[in-house]
Amino acid sequence: MATPFDFYAALNDLLDQVPEDQVTTPRQLSLAMGDPIATQAIEDALRREDYEEHIYKVVQSLGSGKAAFSDFVTDEPLNKLAETQRRMAEKVISIDTFYGITKIAGVDAAYYDDRAYCACVVLERDRAMECGTAVVDSSFPYIPGYLAFREAPAVISAARKVSGFDVLLVNGHGVAHPRGCGLATHVGLELDAPTIGVAGRRLVGEGKEDRGDWRLIVHRGRVVGAELPREEGSALYVSVGHLISLETSVEIVRSLMGKLGLPKPIAMAHARALDEKNHPR
DNA sequence: GCGACAG
DNA sequence: ATCTTGTCGC
C-alpha cells in the first residue's frame, strides 16, 4: 500500500512559490494541484489549516487589472491520483465470485476535523456478530471524486480488524464514479474482497431503464449502478465495488434495507463510528 | 456561460 | 462529513 498523499503539504509547497509581490486564487491553486474540482476544498483548507504565513497571498477574486500568479512548478498530483484510479478501474471484476453469503459487513467513518473514527460491523443472519474499529488521521480533504484518498486508509484498517466476511458494504460509490473507481472499488481492490458501493447521493450518471422497483444508472453509455427509491423520496445509489455483480449487489442491499434509509450493516457501522468519535478512549 | 459535485 | 436554527411533512 502506497504512502497516503499529503494534500496539505503539497498546497503549502505551492503557496511557497507565490512571489511576495503577487497573489493567486483558490482556483489557480486547484489547477496547479491538478483538478479544478478541488477549489472548494482548498478554500476550506486555507481557512482551517496552518496557512497564516501564506494566506495573504490568496484572494478570492482579482482586483482591477491584476492577474493571479499561476506559473507554478507542479506535477499536478491530483492528476496523478486520477490516473491511479483509471488504472485501478481496469482491474475491477464485476461478476459474482462466491457461492454463499453468510457474513455481511458494513463500514462507515465519523470525523473530528481530519481524524477518522471508523467502524466495521459484521452481521450474520441479521445479527451483529463482530465489530472492528480504527482511528486514522488523514492529510487529505474531501474532494468530489477523490474520497478514497481521504477515507480508504481508515476503512481498510477497520475492515482488517474483523475475522472475516463474505461481502463488505461501503458508504460511498463503487464504479459509479467519474473514473470508475470510487471508495468501495478502491477498498475492494486493496483488500481483494467483494465490496458493494452504497451512497445517498449521485456522483455521476442518470437513472435510465426501469427494472421494476429500481432503475439502472447510466454514465457515458455504460451501466454503472442502480438507483433504488427510498421512503423519504430520495434514492439510494448502489454500484459494484469489486468481485460481485450489480444484480447481486442490488439484491443484497434490498434484503438489508428494512427501514432507516440505509442497509443495516452500514447503519450499524455509522452508529458505532459516531460512538467511537464521541467516546474516544 | 452556468451548474453539478459520494463522505 | 460536521455545525446548527428554524421549518416542512407524516
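These numbers come from a predicted model, not from an experiment.
In this structure, A:R201 reaches the B:dG7 phosphate: one of its side-chain N or O atoms is under 4.0 Å from OP1 or OP2. For C:dT2, the OP1/OP2 oxygens have a side-chain nitrogen or oxygen of A:K277 closer than 4.0 Å.
At the heavy-atom level, A:D113 lies nowhere under 4.0 Å from the strands shown. A:Y146 comes within contact range of at least one nucleobase, with a heavy-atom separation under 4.0 Å. Looking at heavy-atom distances under 4.0 Å, A:G145 makes contact with a base. Among the heavy atoms of the strands, none lies under 4.0 Å from A:A116.
Contact detail for A:L246 and A:S239: the closest heavy-atom pair is CD1-CA, 4.2 Å.
Distance NE2 (A:H219) to C1' (B:dA4): 12 Å, rounded to an integer number of Å. B:dG7 atom P lies 14 Å from atom CD1 of A:I37, rounded to whole Å. Distance, A:H186 NE2 to B:dG7 P: 18 Å, rounded to whole Å. Between A:L262 atom CG and B:dA6 atom C1' there is a gap of 12 Å when expressed in whole angstrom units. Separating the OH atom of A:Y237 from the P atom of B:dG7 is a distance of 10 Å, rounded to the nearest angstrom. With rounding to whole Å, A:Q85 atom CD is found 12 Å from B:dA6 atom C1'. Here the C1' atom of nucleotide B:dA6 and the CD atom of A:E151 are 9 Å apart, to the nearest Å. A:L236 has its CG atom 14 Å from the C1' atom of B:dG7, to the nearest Å.
Within 6.0 Å of atom CZ in A:R222, 12 or fewer heavy atoms from other residues, nucleotides or ligands are found, so the atom counts as exposed in its surroundings. Within a 6.0 Å sphere centred on OH of A:Y112, heavy atoms belonging to other residues, nucleotides or ligands number 12 at most. Annotation for A:E52: atom CD does not count as buried by contact number, only 12 or fewer foreign heavy atoms lying within 6.0 Å.
When the nucleotides C:dT2, B:dA6, B:dG7 are ranked by their closest atom to the side chain of A:N171, B:dG7 comes out on top. Counting only heavy atoms from C-beta on, A:A110 has its side chain closest to C:dT2 among B:dG7, C:dT2, B:dA6. The listed nucleotides are B:dG7, B:dC5, C:dT2; the one nearest the side chain of A:L274 is C:dT2.
Between A:R272 and A:E276 there is a salt bridge, since a side-chain N of the basic residue sits under 4.0 Å from a carboxylate O of the acidic one.
Taking the 5.5 Å centre cut-off and the 30° plane limit, the aromatic side chain of A:Y111 is not classed as stacked on C:dA1.
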